[in-house]
Every structure is written in C-alpha cells, then in structure tokens.
Amino acid sequence: MRAVAIRTFGGPEGLEVVDLPAPAPAAGQVLVATEAIGVSGADVAIRSGALAAYGFREGHVPGGEVVGTVTAVGAGVDAAWTGRRVWAQTGAGGGYAEQATAPADDILPLPAGLSAPAAVTLGSAGAVAHFGLAHARFTAGERVLVRGAAGSIGIMAVQLAARAGAAAVAVTTSSAARGERLRGLGATHVLDRSGEGGADAPRAFDVIVDIVAGAGLPDFFTRLAPNGRMVVVGAVAGQPPADFGTRLMASFQKSMSFATFSAATVPEAGLRAVRADQFAAAGRGEIETVVHEVLPLDQAATAHRKMDAGEVFGRIVLTP
C-alpha cells in the first residue's frame, strides 16, 4: 500500500511516499481503508523532529485521525463492524496511508449525511474544544477569548462557546479576512495576535482557550478578569517561557487560574458520547466544519508547507 513516511526530520521535504505492506489488525483493532486523513499540528511537530525525545523516529508514518471503511477486524472485535463507515483515531501515527489500524474502542460510526473530510475535521477537534471549555468551567453569560482561532480546534471552540450563550466570543487571528470568517462562525470581536484591536472588545475575559502557547502566553494573563481561567489545549507555537508562572503570581489578588487540558484524561465513554453528538449535529448542519483544502496523499509535503506558512484556515485533509 502507499503511505507517507518521515524520511528525515526537519522541513516538509523530509516527507516521502513509500510502499509498505498492508497492516493486519491485532487483537482489539480494526483495519480501515482510508477515505480521508486529517493533517494536524501534532503531525507537523513530529515531522519537524521536535518530539523525537518522546520516541518518534525517522521512518515514522504520521497521522492520528482517519475516516474510512472497516475492511477487517482483529480477535475480540465484533465482525459486524466490517463494511461500516467510521471515524477512527489511530493513535500517534499510521494514518497517512491507504490502510490504517485503530483500536476498536477508538472508532465511531458516521451518519450518512456527513462527508469524510467533514468528519475527519471534526472528530478530535470538536472533542478538545468541548472538554477544554468544560475544563475552564465555562458557563453561559461569560466572556470568552479563543487565542489562535483559525485552526480546527479554535473554530470549534468559537462555535461551541457562541452556541452555549457566551456574552462575548473574541478571537485572535492574523488577518481581517480570517476575522470576518470567524465572525460568521460566532465570534463577536476580532483581535490581532497580541490580543489588541477592536475598541469595543472586552478588556478582560472570564475564560481564555489557548491553542498557541509559546513565548506570548504570559502576556494574556493580563486579559483575564478576576477569577478568570486560562486553559491551554495546544502548543502550536511551542513551550511558554520557563518563568511564565511569575506573571500569574504577580496578579495574585485576582484569583486567576491556569490549566492545561488533554483529551487523554477524558474517560472513553465521555469522548464517544460527545463525538457522536457532534457528528450528528454536523450531519444536521448545526455545526460547521471548515475544510481548508483536500489534497491527494502524495501531496502531504505540500500540506505541511501550508501548515508551516500559517496559511491554513480550518483543516487540510488528505485522500489516498
């Protein structure tokens, strides 16, 4: 089968199309003939070599999220899954391929009206946005800022906060054009990447959902209201400064909170329930999934170049 592997860590040119044996599902797994493959920020970080310390090696096949049809099941898996169209989380990799294995516990059937690119754009991002807001204890009537809102997680956080009755949903983004698109998805105020702009925008927020992290993270503590909560759900700009906590401590009397969130801490039953609800809502047109572009698998390097250049609004999807 065709797949895309990391020949060398570094730039997108290190990705190459290779021919690999088709995998066989182990016990508890299914084999999926892929129809759509999500390109994520985690894939980009792995490709760059930034996560090599976590065990990733050259030769790794990226891709943690696919949509396709189950063609075989491993021992202990209900054979009735065979032939069903599913969303699947493959784990830390293996998705950039014509066939991929996934744990049977990490697949969900899809409604007939939901396209494969839409489903692979929503599956992981929607759950992270939902539980990230819950981790921040967001309630209706509060003011929310989504930092780095142009990716699939940020777009979902904007929509979910707006649908849940936020008093304001501000976003940081890199251009006015992106800001207008985010307004169409529920944003009420558009700020620049530093959090400035918009004379009518709130100066303080009850909740900040941060997908960026990086060197600028501590600056946003000043945008938290008393008892405000910042939750970091991604780190597309890398780690914050080692002393970032000193900025939080400097505002001790405001009782502000900082937390990180990973979907890995959510019980599987909860993840499945939220994803199923979101897939159904998207199928009914109640949630908008934003697909930046659909590219063939052999253009994975092009997809990564666009990610590196910050050109992507929503998600790039690969098709085998």
Side-chain angles (χ1 to χ4, degrees), residues 41 125-175 178-179 181-183 185-263 265-266 310 313:
V128 170
H130 171 92
F131 287 107
L133 285 165
H135 200 63
R137 306 186 308 282
F138 163 71
T139 59
E142 292 190 311
R143 298 156 297 176
V144 177
L145 171 62
V146 181
R147 181 178 178 232
S152 53
I153 295 173
I155 286 169
M156 283 305 305
V158 168
Q159 292 187 74
L160 295 179
R163 291 178 72 206
V169 182
V171 296
T172 69
T173 189
S174 60
S175 71
R178 288 186 172 200
R181 294 187 69 180
L182 289 162
R183 284 185 185 276
L185 294 165
T188 57
H189 301 85
V190 177
L191 311 179
D192 64 20
R193 284 181 169 175
S194 70
E196 298 299 325
D200 61 339
R203 292 303 304 169
F205 297 90
D206 304 295
V207 169
I208 297 177
V209 177
D210 190 328
I211 302 114
V212 181
L217 180 148
D219 296 335
F220 282 82
F221 290 147
T222 63
R223 304 307 299 272
L224 282 172
N227 298 303
R229 293 88 67 195
M230 178 189 289
V231 174
V232 177
V233 300
V236 296
Q239 296 293 324
D243 63 347
F244 76 92
T246 60
R247 296 282 292 276
L248 193 65
M249 292 297 291
S251 299
F252 189 91
Q253 292 181 319
K254 291 175 67 178
S255 300
M256 302 184 303
S257 302
F258 172 85
T260 59
F261 170 76
S262 167
T265 60
V266 179
F313 184 87

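Along the sequence shown, the residues carry numbers beginning at 1.
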Closest non-hydrogen atom pair between Val207 and Ala136, with its separation: CG1-CB, 3.7 Å

As a quick check of understanding, evaluate side chain to side chain contact (heavy atoms under 4.5 Å, CB included) for Leu133 and Leu160, giving each step before the final call. CA-CA 9 Å; Leu133 285 165; Leu160 295 179; 3.9 Å; yes

If you define the side chain from C-beta out and look only at heavy atoms, does anything of Ser255 sit under 4.5 Å from Pro226? no

Exercise: identify the closest heavy-atom pair between Ala201 and Leu191: CB-CD2, 3.8 Å

Can you confirm whether Arg183 is buried at CZ, in the sense that more than 12 heavy atoms of other residues, nucleotides or ligands lie under 6.0 Å from that atom? yes

Report yes if the side chains of Ile211 and Val146 come closer than 4.5 Å at any heavy-atom pair, otherwise no. yes

Would you find a donor on one side and an acceptor on the other, under 3.5 Å apart, between the side chain of Lys254 and the backbone of Leu224? yes

Could you give the distance from CE (Met249) to CZ (Phe244), rounded to the nearest 0.5 Å? 12.5 Å

Test side chain to side chain contact (heavy atoms under 4.5 Å, CB included) applied to Val158 and Val171, step by step: CA-CA 8 Å; Val158 168; Val171 296; 3.5 Å; yes

So ring pair (Phe, Tyr, Trp, His ring centres under 6.0 Å) across residues 189-213, not counting sequence neighbours, yields none

Minimum-distance pair of heavy atoms, taken over all atoms of Ala164 and Phe138: CB-CE2, 3.6 Å

Go through the steps to decide whether Leu182 and Val190 satisfy the test side chain to side chain contact (heavy atoms under 4.5 Å, CB included), and finish with yes or no. CA-CA 8 Å; Leu182 289 162; Val190 177; 5.5 Å; no

Would you name the heavy atoms of Gly186 and Ala162 that are closest together and state the gap between them? O-CB, 3.9 Å

Any chance you could lay out the side chain to side chain contact (heavy atoms under 4.5 Å, CB included) test for Ser257 and Met230, step after step, and finish with the verdict? CA-CA 6 Å; Ser257 302; Met230 178 189 289; over 6 Å; no

Give a yes or no answer on whether the side chain of Thr172 reaches the backbone of Gly148 with a donor-acceptor pair at less than 3.5 Å. yes

Does Ser262 offer a backbone N or O that forms a donor-acceptor pair with the side chain of Thr265 under 3.5 Å? yes

So Phe261 and His135, would you call those rings parallel, tilted or perpendicular, with 30° and 60° as cut-offs? tilted

So which pairs with a foot in residues 138-152 pass salt bridge (charged side-chain N to carboxylate O under 4.0 Å, His left out), sequence neighbours left out? Glu142-Arg229, Arg143-Asp206, Arg147-Asp210

Is a side-chain N or O of Thr188 found less than 3.5 angstrom from the main chain of Val169, in a donor-acceptor match? yes

Please examine the side chains of Phe313 and Ile155, heavy atoms only from C-beta on, and report whether any two atoms are closer than 4.5 Å. yes

For the pair Arg203 (side chain) and Arg223 (backbone), establish whether a donor and an acceptor sit closer than 3.5 Å, ignoring hydrogens and angles. no

Val233 vs Ile153 side-chain heavy atoms within contact, under 4.5 Å: yes

Closest non-hydrogen atoms of Ala168 and Pro202, given as atom of the first, atom of the second and distance, are CB-CG, 4.0 Å

Heavy atoms only: give me the nearest Ala213-Gly234 pair and the separation to one decimal. CB-O, 3.8 Å

Side-chain heavy atoms of Leu217 within contact of Val212, under 4.5 Å: no

